[in-house]
Amino acid sequence: MAQVQRMSRLMVKTLRDDPADAETLSHKLLVRAGYVRRNAAGIWSWLPLGKKVLENIARVVREEMDAIGAQEVLLPALLPKEPYEATGRWDEYGAELFRLQDRKGGDYLLGPTHEEIFTQLVKDQCTSYKDLPVILYQIQTKYRDEARPRSGILRGREFQMKDSYSFDTTDEGLAESYRLHREAYVRIFERIGLRHKIVSAVSGAMGGSASEEFLAPAAAGEDTFVHCPSCDYAANTEAVTFAGGEPADGSAHGPVEELDTPDTPTIETLAEHLGVPASATLKNLLVKVDGEIVAVGVPGDREVDLGKLEDHLAPAVVEMVTAEDFTGRPDLVRGYVGPQGLDKVRYIADPRVAPGTAWITGANKPDTHAKNVVCGRDFQVDDYLDVVVVEEGDPCPQCGTGLKLDRAIEIGHIFQLGRKYADAFQLDVLGQNGKPVRVTMGSYGIGVSRAVAALAEQTADDKGLCWPREIAPADVHVVAAGKALQTELALEVSEKLREAGLRVLVDDRAGVSPGVKFTDAELIGVPRILVAGRRSGEGVVELKDRRTGEREELTVEEAVARLAAE
């Protein structure tokens with residue numbers, strides 16, 4: 001809605017210096033420009049300018065969700081324990097879940113996501129196939145007790161999110177709902193000016209089958225994704241899968257031979273001691289899966305991706321072993337574990353540890369390794385799982401070209417959940433044949449508050465924020481660069497811009513130097529800056545493009561007409 005906001009009446013306090021605890025660009029600039037303020041670790045207040053940007057993104061999200069026939073609701077953030085127990089997520093979420101009790105001792109949580117509650121709502125409201133398909137959504141505050149909240153609003157414990165859920169009677173219907181969301185997300189991110197990449201992802205604790213992430217490439221991103229320079233392949237690193245190694249002729253290798261290798265508990269020390277490449281060795285990482293010790297074998301020149309391992313084994317809890325776990329286990333020699341002879345330990349291996357391949361690995365004796373340890377002859381693999389950390393140059397699963405790695409911020413995630421939650425709550429409707437039909441679901445999220453930070457990361461420059469017009473707190477920032485005459489013209493042109501349907505922020509502050517006003521205008525980042533300066537007496541103003549820095553002198557009438565036509 002067109003309006004004029006005077007900075008003389010706006011609650012905003014800009015800062016010249018970066019906050020001491022700020023590491024990312026968005027964290028620094030959103031605080032310096034007066035958009036947000038920190039209350040506690042991972043908990044932020046949105047000030048008037050920041051709230052406008054947040055609401056502009058929410059508006060675009062609502063418009064595009066409504067366009068695909070979705071209906072908005074608002075469910076509680078304070079939720080009972082029982083629905084999350086029914087799906088197992090009361091325990092699966094672990095320490096990230098905010099848990100509390102009421103005065104009567106009843107268990108509750110602050111909602112991290114709402115699959116369970118939406119499922120219950122539809123079970124209550126929809127009884128026939130005629131009631132479906134339906135898509136419901138909300139824009140609401142979510143809560144996750146992050147172990148290390150950081151990067152300002154990028155990784156908070158309280159955040160705003162759009163979550164939507166589709167309910168269909170057939171898998172084909174689910175696929176259509178998924179397609180509608182995918183296309184809506186593309187439109188949303190294009191409208192708000194957020195560069196994004198759609199990548200294959202894993203479902204993790206959410207469950208379900210098909211899953212894709214929407215990532216905003218940015219140096220501050222905590223997600224790493226791969227993309228192929230030769231084809232359209234892109235994936236979260238945890239979703240990248242490679243073909244297994246080629247089976248080899250194990251008979252070509254001699255018998256197992258033990259080697260005296262004192263003080264070589266790491267792959268690096270072992271490879272240096274023997275003068276062999278790390279790739280000739282077999283690394284065996286010990287972890288606990290739901291409390292049971294499991295060994296994970298990968299080539300010595302690769303690292304185990306614990307995120308991948310957790311996704312493969314979900315909902316089991318994966319933890320690293322501790323020194324105490326070796327007590328009473330003479331079969332486990334710290335730093336010298338080998339897969340041969342591990343009869344009481346489940347052995348998981350990366351597909352590169354193929355049958356017939358020979359390795360140098362631990363001999364299960366102190367200061368001793370063994371060579372010619374052949375997979376399939378000297379040890380057996382219980383499960384093959386792709387668990388190595390993806391590296392730059394690994395072959396593309398589609399075309400074989402070396403992959404590229406980049407950092408990004410996760411801004412959206414879409415899942416085909418299937419019937420996991422419908423099964424938990426027996427969500428059935430009466431089908432066309434008069435028999436019950438189990439409903440199938442999709443879940444779709446957009447980080448609304450996170451999108452603000454992602455946009456700041458992508459669009460800011462060395463002077464400050466630089467918002468796309470669709471989500472900026474105003475269309476035009478009018479600056480009165482002087483005293484009474486300039487202020488009078490600035491207010492006059494601001495009113496004309498408002499009448500033309502534009503949102504205006506006007507710096508009419510008295511006692512503030514023009515230099516400070518110009519600096520603040522660049523820091524705040526409204527896309528167009530209009531200056532009432534030295535030629536105000538002639539009715540001439542200067543129009544500046546915040547992004548390019550291009551300037552042009554125009555009459556007030558010309559400036560209003562130009563801006564109204566954009």
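These values consider heavy atoms only, across backbone and side chains, with no hydrogens, waters or symmetry-generated copies.
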Residue from R528, R469, R498 passing side chain to side chain donor-acceptor pair (under 3.5 Å) with D475 | R469
Are the side chains of C396 and C231 in touch, meaning some heavy atoms are under 4.5 Å apart?
-> yes
Looking at W90, is R99 sitting on its ring face, NZ or CZ under 6.0 Å from the six-membered ring centre and within 45 degrees of the normal?
-> yes
Electrostatic pair R150:E23 at N-O distance under 4.0 angstrom = no
Check the surroundings of atom CZ in R9: do more than 12 heavy atoms from other residues, nucleotides or ligands lie under 6.0 Å from it?
-> no
Donor + acceptor pair across side chains of D145, Y143 (<3.5 Å) = no
Report yes or no: does S536 contribute a side-chain atom to a donor-acceptor pair with the main-chain N or O of L489 at less than 3.5 Å?
-> no
Does I198 reach the side chain of E213, with side-chain heavy atoms less than 4.5 Å apart?
-> no
Side chain S449, main chain Q160, donor-acceptor under 3.5 Å | yes
May I ask you to decide if A472's main-chain N or O and R503's side chain share a donor-acceptor pair within less than 3.5 Å?
-> yes
So does E542 pair up with R551, basic N to acidic O under 4.0 Å?
-> yes
With distance as the sole test, does E522 use its side chain to make a donor-acceptor pair with the main-chain N or O of T519 at under 3.5 Å?
-> no
Mind checking whether Y93 and P112 have side chains closer than 4.5 Å, heavy atoms only?
-> yes
Flag, side chain of D66 to backbone of G69, donor-acceptor distance under 3.5 Å | no
Is the shortest distance from a Lys or Arg side-chain nitrogen in E176 or R179 to a carboxylate oxygen in the other one below 4.0 Å?
-> yes
Could you tell me whether a side-chain N or O of R157 sits under 3.5 Å from a main-chain N or O of R144, the two making a donor and an acceptor?
-> no
Please work out which of the three classes, parallel, tilted or perpendicular, describes the rings of H413 and F415, given edges at 30° and 60°.
-> parallel
Applying the side-chain contact (heavy atoms from CB on, under 4.5 Å) test to S494, which of L530, V506, L502 qualifies?
-> V506
Side chain of N39, backbone of S45: donor and acceptor closer than 3.5 Å?
-> yes
Counting only N and O atoms by type, is there a donor-acceptor contact under 3.5 Å from the side chain of K142 to the main-chain atoms of L110?
-> no
CG of L174 to CG of D168: how many Å apart, nearest 0.5 Å?
-> 6.0 Å
Distance, nearest 0.5 Å, that separates CD1 of I524 from SG of C466 = 13.0 Å
Are D21 and K28 close enough for a salt bridge, meaning some N to O gap below 4.0 Å?
-> no
R546 (side chain) donor-acceptor with L465 (main chain) under 3.5 angstrom | yes
Kindly say whether G173 contributes a backbone atom to a donor-acceptor pair with the side chain of T170 at under 3.5 angstrom?
-> yes
Any Lys/Arg nitrogen of R32 or D520 sitting under 4.0 Å from an Asp/Glu carboxylate oxygen of the other?
-> no
So, do Q416 and M441 sit near enough that their side-chain heavy atoms are less than 4.5 Å apart?
-> no
Using the ring of each side chain (for Trp, its six-membered ring), is H27 parallel, tilted or perpendicular to W44, with breaks at 30° and 60°?
-> perpendicular
Is a salt bridge present between E550 and K544, judged by a nitrogen-to-oxygen distance below 4.0 Å?
-> no
What do the steps show when you test Y35 against K52 for side-chain hydrogen bond (donor to acceptor under 3.5 Å, both in side chains), and what is the final call?
-> CA-CA 9 Å; Y35 283 71; K52 287 179 183 294; over 6 Å; no
Ion pair check, E470 and R59, cut-off under 4.0 Å = yes
To the nearest 0.5 Å, how far apart are CG in L49 and CG in L10?
-> 5.0 Å
